[in-house]
Structure formats: C-alpha cells, structure tokens
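What you see is a predicted model, and the numbers here were worked out from it, not measured in a lab. Numbered from 1 within each chain, the chains take letters A, B, ... in sequence-line order.
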Amino acid sequence: MIHFMKKAKTVDYNPIRIEKKWQKKWASSRIFQSKEDSKKKKYYVLDMFPYPSGEGLHVGHPKGYIATDILSRYMRMKGHSVLHPMGFDAFGLPAENYALKTKTNPAASVKKNVARYKKQLEILGADYDWSREVNTTDPNYYKWTQWIFLQLLKKGLAFESYEPINWCPVDKTGLANEDIENGRCERCGALVEKKPMRQWVLRITDYAERLLNDLEIENIPKFYMSKGTDAWRPGEKVTERMAVYCIVKHWQDDKYLCMKWKKNDWRGYVIGGIKVDESAVEAGIRETIEETGYKNVIFKRILGKADCHFYQELKKENRVAHATVVYLELKNEEQDSITDEEKVIQDIEWVERSKVRDFINREDLKYMWDLYTGDAKEQKLLDWPESIKTLQKNWIGRSEGALIKFKVKSEKSTIGLSPVIPAKAGIQCEKNGASDSTLDSRLRGNDKKIEVFTTRPDTLFGVTYVVLAPEHTLVQKFLEVIENKSEVEAYIAKSKNETEIQRTDETKEKTGVELKGIKVINPANNEEVPVWISDYVLADYGTGAVMAVPAHDERDWAFAKKFGLPIKFVIAPLNLNSDKVVMSTESAFIDFGSLINSEKFNDKASESVMKEITAFVGGQWVTKYKLRDWVFSRQRYWGEPIPVIHCENCSKNNPAGKGIVPVPENDLPVVLPKVKSYEPTGTGESPLAAISKWVNVKCPVCKGPAKRETNTMPQWAGSSWYYLRYMDPNNKKTLVDPKKEKYWSPVDMYVGGAEHATRHLIYARFWHKFLYDIGAVSTIEPFIKLQHVGLIMGEDGRKMSKRFGNVINPDDIVKTFGADSLRLYEMFMGPFDQQIAWSSSSIVGVRRFIEKVWKLREKIVPSKSKTSKSAPELDSIVQDSKKADRIIHKVIGKVTKDIDDLHFNTAISALMITVNELEAIESISREQYEILLKLLSPFAPHVCEELWSAIGNKKSVCVAEWPVADKSLMSDDEVKIMVQVNGKIRGSFMASVDSSDADLEAKAREVKEVKSWLEGKSVVKIIVVPKRLVNIVLA
RNA sequence: GGGCACGUGGCGGAAUUGGUAUACGCGCAGCGUUCAGAACGCUGUGAGCCAUGCUCAUGGAGGUUCGACUCCUCUCGUGCCCACCA
C-alpha cells in the first residue's frame, strides 16, 4: 500500500447541497449569457418550448432539455458562442380549458404554471440564458405575432373565407386540418363537424411546393428566388429559372475548364439553362458541348444546388437562376468547332486544380467545390430524420395529374326548363372560377363544364359517370334544373349532419344520389354519362369532382356496384408502354363483365402518354397538394387578437377590400382585453365580441365607426417564429435585429417531440419562408438539424399520465438521487430518439457511477516533477500514469464523437468503463482526473464543478477547454489477435500492433488450440485482418 | 389500404467499412462486511451437453461470403404516422 497517497478524509457526496450551491453561483456569475461574438463560431441549440399545463413536468419532459443542455455545454467548451434559450408557449385551448375548469383567469393560471415549470427546470441545472426568456402571451411578444399577420395580409396570404370548416362542438371553435386526428378534435376527442362560417385562412398552399422541395436541398444556397418567369433565349422554351453550372475536368491533366469572357475578362464556368423535359445532367453535357465544342463529355456527379447570379451576354442583362452544379469530365480531346456567336463571347482556359477556387467567385459555389475536393465537410440544409421528412412529404401530398373538363348537358325537353334560367347573381360556378360565369349564361347553350382532377387520364375511356362532392358549389346551381331536387337536397342535408368520421368510415356502404336530368360528355369519346353526388368525394381535394372509372378504382367500383352503374374497362386505347400515342374518339373499352380479376390492365400508362391524352381532351397537366390552407381563426378568448378592423364605410368605398382595414402597425399590439366571462359562445363569435368597449373602434382609414375582429389566432401562431425572438428578445423596433439574426440564424440543433412533424414544423417553415420573402430573415429554412426525443413511458409501459397513475415527478428523483443522477440516467437509458420505459430501480446505477468518480479523487497524486519520492514509488507512479493516460485519452475521442452523434448512452457507458479501469489503478494524476471531469461535466455539471473546484481550479469547468486526445499517449503496444478456423473462433494470441501479415499468420498457426484443428488438414487460404484476426480456411 | 420504423439475455440496451455477439447498467445468485437490515466490496450470470471442451443462439426460412446482428430475397410479428386524396 502506498501510504503517501492518503488524503484528508473526503466528504461524502451530497447532491442536494452541491447542486443548489452551483446553480446559485452560475446564476450570479452570469456565465451562461449569450453574446454575439464575431470571433467565435456560433451554435444555436433550441428546445421546443414547453406548454405550461397545470400538471407540471414529469420525468419525460426533461429528456430533451437535458440533451440540449449537454450539447450547449459541450459546444461552449469547444469554444463556440452558444445560444441556448428557453421560453413558454402559453396561448391556446389547453390553458384556456384548464382555466375554465379551475375557474381562474387564464392569464393568472399561466403565470402560476410558468413559475412552476421554471422552478422545475432550474433544479435540473440547465444552462439557459434566462435573460432571453420569451412568453407568447406577453403583449411585447405577440405584438410581433400580430405584425407578421399584417404582413401576410398585405401580401394576400391571409384572407377571409366562408367555406365550411372543421368545427369542434365541445371546444366550440373552428380547427385547422392539422388539428384533427381520425376525424376527432386533437384536443378533446370530440367528433368534428363541418360548419360553414366566416374565418381567417392563411394561404400555406402557396408555399406547398417550396415546403416540399426544400426538404431535399442538400447544400446551403445563399439566395433563393421565389418567383421567376425568365426564358433563356428568345423563343427557347426552358424550365423556369433553372440552370446548370458545370465544372469540367480535362481529359488527361488535373486541370479544369474555365470560360473567359472576352469582353470584360471575367472568368467563370459553363452555364446553361435547363430545357423542359431535360435533366440538369443532360443540360450540363449539352451546354458544355455547345459552348466548348468538346464532343465526349462524361457525367461524374452532382456537386450540389445553388443560386447563380450572372450577366447574360446574349440578352445583355443580369440573370438569377436556381442552379444545379454538375461535375463533368472530358473523355478525350475530340472537338468540333463552335458557333461564331459563341466564339465572339468567350474563350477556353485550362486551370490547375488549386486555381479553380479563384474563378469560382461565390462562397456557396466554393463550398461545393471544397466538398468535392474533400476540404469541406458536407452539411445538409435540412439534416432531419428521414421519417420526419417523409411525414411532411406525405402531409403535403403532392400529386401530378390532369384537370379535365366535362361538358354539362341539361335535358331541357325532359325537365321542361325554360331557355333562360333565373340568374343567381354573383355565384361562382367553378372553384376558383371567374365570377362572371353565372349559371344562366353557362347553361344556356349547354356549355357548362364540370372540371375533374385525375392522376389517371389514361383511364378516361373507362369513365361511366361523374361524381361531385355534396358541397360542390355547382350542385346548388344544378338544383334549379334537375328533376329530383328534393331528393338531392335531402342527401346534401344528411351528409352535412354527419360527422367527418361517419362520412369517412370505410366500412360504410357508399351512398349517393343521381342528379337526374343532367348528363356530362366524356371528352375522350363524346359519350354521355350521368352525374351523381356522393360523400365519398371530398369537397376540398382536387376540384371536388371525380370522373369515376369503376373498372380501375376500388371506390368507384363499390359505388357502381351499389347503384348498378355500368363498369367499362379500358383496353388500352393505346399501347400503354409506348411513347407514341394514337388517339381516336372511338370507344376504347369493352364491357367489364367477368374480367374483374384480370391483372392485364393494372399497368399505368407512362407520364408522357398521360400528358398526351390530357392534351388530346383539352385538359391541363397540373400539380395538386393534399395540404389545405391553414384555418387561422379561433372563436375563443385565449389567443392573440387578429389585428384587423371591419369598417362598413370602407367596404362601400372599396369593394375589393371587403371592409377589412388592417390595424396600423404603430397601433400594435392589439392587447387582449381582460374579460369577466370568457366561456366560448358556440355561435361562431369569440367571447371578445361581447366587450363592446373593445369591439367598437374608430376606423383608422375613414375615422368612422368600425368594429374589431373578435376571432383570435390558433395556438400555433406564437410558436411559428419564437426561435427568432430569442436572438433579440427585447427589441421594440423590429421583430429581430438583422445583424443579430444573421449572426445566430439558422438554428443549428432543434430538439423536440416527433408529434410536431406535421403541425408546428410545417407552420414554422411556412412562416419562416414568408419572412425570408419579405426580407425579415436571411435563411430559407429555420432549423438545420432536427432531433426527436423518444418518449419516456411509465414503468408499466404505458404513456405517462395522471389517468394511469404512473407519473414520476422529476422533483422526487432529484430529492433522492440528485439532478446529476437524473440527467445521467435519462441519457443512459438507451438511444436518445427511442421510446423507453422508466425504471426507478435502475437509477441507482448512475448514482453509483457518480460516487465512484467522487472517490476516484482519493487516487490523485501530485505530478511527478513536483514530488520527491523514492525511486520504487516513483516507478510505480510512472507505470500507473502511462496506463491511466492510455485509458483517459482513448475515451476522449469516443465521448466527443458520441456527443456529436447524440449517442449519449454510449458516451456515458464509455465513461463508466473508464472509471472502472481507473479504479483498478493505484494512482492517477490531477491532469488525468481533470480530463475525466471535463468529459463528464456536460452530463453531470454539478458534481464535476464541485470536484473541479475541490482540486484547486478557480474558473468554472463550464468554460474549461474541451480536451483533445493525444494519440501518442493512447496507442496500445500490443493487441489481441483472434484466430479463426473456417470462420469459427478457436483461439487468440497477443501481437505487437505493427506485426506484418506474415508474422500474424505464422503466430496463428502456432496457437495451441488452433494446432489441433489444423492436424491432418490442408490449408486452402489464410485471411489476415490487421490488428483483428487471422482466419485459416481448411479444405 | 398506403407510408415509415423496428425485432439481440430475466430487463434497458452495446457491437467502426461484414471481423472476439451479449460491452455498460439494472436484476439475480454466492461470498465478505454487519447484532440485523440498508449501503458497500468481491465473484459469477445467453442456452444446452457425454463439460480441460463441444454444440446451438441476434423473430423465422433461405442466399451471398473465408467470415453475417450487420448485405440480399422471402416470411412472421410489433410500434408509429396517414388514410374514401381520385
């Protein structure tokens, strides 16, 4: 036993005492306040801010907060300027319903809940910069939520609508499509009804394409064009604002093609427009051939996508294009002469690889080049889990198809209709149609048309009827001309009364009514087919009308069977697989009959065939999205007032304005008034409507009497932009100062629950893109990396809920084990994004680990140079030190990589192994112990801070430098080599790390256990994997 | 019906490009310490067997390979999301 190592008796580990102590010190020293420091790289790590319910936190909630805290502390130690804020999302139904239940004012209960949440968060020891706290219900905050709404209004992206919307009869409010789960209100579970009412809607569908496409953008473009109509050359049809940009390698040397513009001596790359039906790669090859004359151009890879700003010589103007950057190689020097036109403009130069960067004159393109040459690490624009991307893609639901018009023919003779149908003024005949297309003008002359959307125009010949949604606007007009008006009206009334869930129940038999007296004409073969209405057709998808092809569609099939409608089978009016289409108006079908089970016709025609058919019948090829516009008003009290004033007078003067006057920006915020009764009215009016003092205002335009909008915004409004406000929480003049926004944007890491995939994350991306378009933010996407938190389930495996009585309160765990143990345990449970059941008995393991680290301190001996020990003592210390160095330096890399990859469980496991190994050693140095503390400090900050200061450090471990592994200290001299015979482990031996393959092979043959297996057998071959194994293959 | 994940001891889970399956932790068992318990320490812990060792084991069945938890095909099961989307 080495006695000099004995220290004064170490105080026992007491988490409660040390955790309080350090939390106070951290707060008073303001060590965690974020600053824009241009000398440092920034790191913005964000939690999905909590919704402070009355229940308080359970142990599942902190999991994500602990992870971001680890990342925040880790990145700070790595020298980043870190932004790690926290705030509260407190408007909306749950807070209001809770207040109603407890008969308190929502403002009061929110205040109480926030205080409680904050306290619960504080005992975890997170390094939040509380000076940046935001609260969505604070007028200083929602002033800017309202401001964003006004900008949306200005751009025509917010509008009033009277279409039927989803209505929750229990919560007494309209709901967005995203707020519905299986036909029920996501909040209260009530069956959702369809109810027509005035509401505010945001045109999120205008952004559908970008929301979808940008999920796949891989690199970071600096610019983004939202609109563009350029063609490249007069008369040349090219894809809108799409370009290709080519880096072309020499056929022999490591040189690259540089275009020199003769006129201004500007150097650049081959640029070209991408034609319709041409891929970026094809365009790149074509343009390179056209501009340089080189004949044999080979595609190698796509380097990335960016926006290209350049001067186009031929048209003499500046151009911007969304560009794909391709890397090409020339096969040989064969070259045709190029056109004179091209010759005049440019020359070709070959430049060395190292000079390429000089003629790539833009940062983002340089970045791509660096990516190709391996100098830059690939960074995705959206480094999101594939599953979330897929969820969003499915939610946005893009599909391409044809809009096809069916002429309506009313049988005047049959129904005795007068030639002139009484006009119903102003009613629109088509969805989004022109307002002049009133029924009388259209039906006279039988030129009224029903427009359908289909993804299978190739089945057009099999259409045997057309179905409209009961809510389709045309149905109301047809009522005047059909024979069975009352029957149809009854059906419409019935489906109106049915809830969404009843209507969409798949097991339900199809229902519907024919509109008798009306036929439509199939434009493919001029055949007359009947028109039906049925609730299996959705009013708000496509055009609200379908062409029914019972032979090719299950739903149409069920409907046709039920009502005895003909089933006609498309027998290829054309060869489905050929690109050449021969069209004719001859009926290209046979009676369906017994062919139902035939698989002969399951093939879909190619897209080009379908496009040709569409053109043949005068239809349009279009893209449709499942995504619906965002119903943005709630008939409830607890939300941001929509900053709009209704003025009848201004309506008279300006019919286009419909009497909507935006609240002037200077008058913001429109403060939510205090109110005695905030019970929802259920009438479609919010409780605010009852406060006449608040409602009645002067019109800001004409100064006449006017009324405030009384609907409020949905819960998702405030959370759609809060991450921006953290960057500059107290700015009175703008939403966020552009300088600060440029420094901190975008969010580098966003951690939260997967349940927000199709709501918050779509809404926030939508608002962010809009804010980008109006110049309020500088990036096109708000969150670079997104990470899910896997739920922590109750010990019984069910969701943690009061209902099941399986809720574990983190406060209790902190009391018994300490916050550090809770933090370590939640991270050690398993993979971070995985759902795992809580196990209270397992926490003791991480607590034991902390105690081991605590006791390990007793093994510290002073550094060799400072001691005056006897030789044998010194020798043993030196031996220990070598061993300990190897152990500790090996784990640095492992922990660093694991934190980078969010593999917290394996990082902790590696630290446990390290501590176990160090325990087996007699002595360690202070330096080695310090490395251990630094590595552990993001996970268990309190105990590490305590030990760090106990061994004599004055500055906090939070600002210590993250250790870097010294490779010379960590390498083993010897490794264990496994020996396999025919792939099965039979023995092992030790060998020095630099042994040659032949050496290893020879040694392997000599291993005792192996020898007996080799006896009398011939060796076929031997596989040597250096530092790992030798496999001897026998005949 | 469509989409996306995922199946490894008694439990949570480890396992670089295919290269010692079950690391780490819990639990369990034995021993020590203790008046006793808790706590702690040490040892053991996939299964089976004719046991110095051998055979079988990563949901199941095949395949590729010198070698498969890892790759491919099929299949069974579980979870999540969307769903009459034309």
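Annotation: side chain to side chain donor-acceptor pair (under 3.5 Å) contacts involving residues 1023-1035 of chain A, sequence neighbours excluded, comprise Q980(A)-N1031(A). Counting only residues at least two apart or in different chains, salt bridge (charged side-chain N to carboxylate O under 4.0 Å, His left out) contacts with residues 392-402 of chain A comprise E216(A)-K393(A), R398(A)-E400(A).
The NZ-C1' distance, from K393(A) to rC81(B), rounds to 15 Å in whole Å. Note: CD (E386(A)) to C1' (rC6(B)) measures 16 Å, nearest angstrom. Taking atom CG of residue D556(A) and atom P of nucleotide rA86(B), one finds them 12 Å apart after rounding to whole Å. When rounded to the nearest whole Å, the span between CG of L215(A) and P of rG3(B) equals 19 Å. Rounded to whole Å, the distance from CG on L791(A) to C1' on rC81(B) is 14 Å. Distance, N982(A) CG to rU65(B) P: 15 Å, rounded to whole Å. Note: CD1 (I180(A)) to C1' (rA83(B)) measures 13 Å, nearest angstrom. Distance CH2 (W838(A)) to C1' (rC11(B)): 16 Å, rounded to an integer number of Å.
Among the heavy atoms of the strands lying under 4.0 Å from V546(A) is at least one base atom, whether or not backbone atoms are also near. Using a 4.0 Å heavy-atom criterion, one finds that Q834(A) contacts the sugar-phosphate atoms exclusively.
Taking every side-chain heavy atom of W395(A) into account, rA83(B) is the closest of rC4(B), rA83(B), rC85(B). Comparing rC4(B), rG12(B), rA86(B) by their nearest atom to the side chain of T455(A) picks out rA86(B).
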Please, what dot-bracket string fits RNA chain B when only Watson-Crick and G-U pairs with both distances under 3.5 Å count, crossing ones use [ ] and pairs to another strand use |? (((((((..(((......[....)))((((((.......))))))((((...))))..(((((..]....))))))))))))....

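Comparing the same atom, C1', in rU70(B) and in rU16(B) gives a spacing of 12 Å after rounding to whole Å. Rounded to the nearest Å, the gap between the C1' atom of rC80(B) and that of rU73(B) is 26 Å. Nucleotides rA14(B) and rC71(B), compared at atom P, are 16 Å apart to the nearest Å. Distance check on atom P: rC24(B) versus rC42(B) gives 13 Å, rounded to whole Å. Rounded to a whole angstrom, the distance from the P atom of rG44(B) to that of rC26(B) is 16 Å. The gap from the P atom of rU20(B) to that of rA29(B) amounts to 33 Å, rounded to the nearest Å. Only the P atoms considered, rG27(B) is 23 Å distant from rA36(B), to the nearest whole Å. rG46(B) and rG9(B): their C1' atoms are spaced 5 Å apart (whole Å).
In terms of position along RNA chain B, the nucleotide closest to E919(A) lies nearer the 5' end than the nucleotide closest to the other residue of the pair N177(A) and E919(A).
Separating the CH2 atom in W384(A) from the CG atom in L761(A) is a distance of 4.5 Å, to the nearest 0.5 Å. Atom CD of residue E1009(A) and atom OG of residue S988(A) lie 7.0 Å apart, to the nearest 0.5 angstrom.
For rG9(B), the base is syn relative to its sugar; the glycosidic angle is within 90° of 0.
Contact check on K1011(A) versus E1006(A) returns a salt bridge, with a Lys/Arg side-chain nitrogen under 4.0 Å from an Asp/Glu carboxylate oxygen.
Residues Y465(A) and F559(A) place their aromatic rings such that the two centres sit under 6.0 Å apart.
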Show me the side-chain donor-acceptor pairs of residues 889-901 of chain A shorter than 3.5 Å, one per line, residues at least two apart or across chains.
| from | atom 1 | to | atom 2 | distance (Å) |
| --- | --- | --- | --- | --- |
| H889(A) | ND1 | D966(A) | N | 2.9 |
| K890(A) | NZ | D972(A) | OD2 | 2.6 |
| K894(A) | NZ | D898(A) | OD2 | 3.2 |
| T896(A) | OG1 | I892(A) | O | 2.6 |
| T896(A) | OG1 | W962(A) | NE1 | 3.0 |
| K897(A) | NZ | D901(A) | OD2 | 2.8 |
| D898(A) | OD2 | T906(A) | OG1 | 2.9 |
| D898(A) | OD2 | A907(A) | N | 3.2 |
| D900(A) | OD1 | Y74(A) | OH | 3.0 |
| D900(A) | OD2 | Y74(A) | OH | 3.4 |

Base versus backbone protein contacts along nucleotides 16-33 of chain B [heavy-atom cut-off under 4.0 Å; B, S, -]: B--BBS-BBSSS------

Base, backbone or nothing for each nucleotide of nucleotides 50-58 of chain B, written B, S, -, heavy atoms under 4.0 angstrom, 5' to 3'? ----SSS--

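Under a 3.5 Å cut-off, the side chain of K510(A) and the backbone N or O of Y536(A) do not form any donor-acceptor pair. In this structure, R823(A) contributes its side chain and P938(A) its backbone to a donor-acceptor pair below 3.5 Å. A donor-acceptor pair under 3.5 Å links the side-chain atoms of Q392(A) to the main chain of A757(A), judged by distance alone.
One donor-acceptor pair, N or O on each side, does fall under 3.5 Å between the base of rC84(B) and the side chain of K510(A).
Within the 4.5 Å cutoff, the side chain of M547(A) has heavy atoms near those of the T459(A) side chain.
Taking the six-membered ring where the residue is Trp, F904(A) and F832(A) present perpendicular rings, their angle passing 60° and hence far from 30°.
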Applying salt bridge (charged side-chain N to carboxylate O under 4.0 Å, His left out) to R848(A) and E851(A), what does each step give before you reach the verdict? CA-CA 5 Å; R848(A) 281 177 193 153; E851(A) 304 249 11; over 6 Å; no

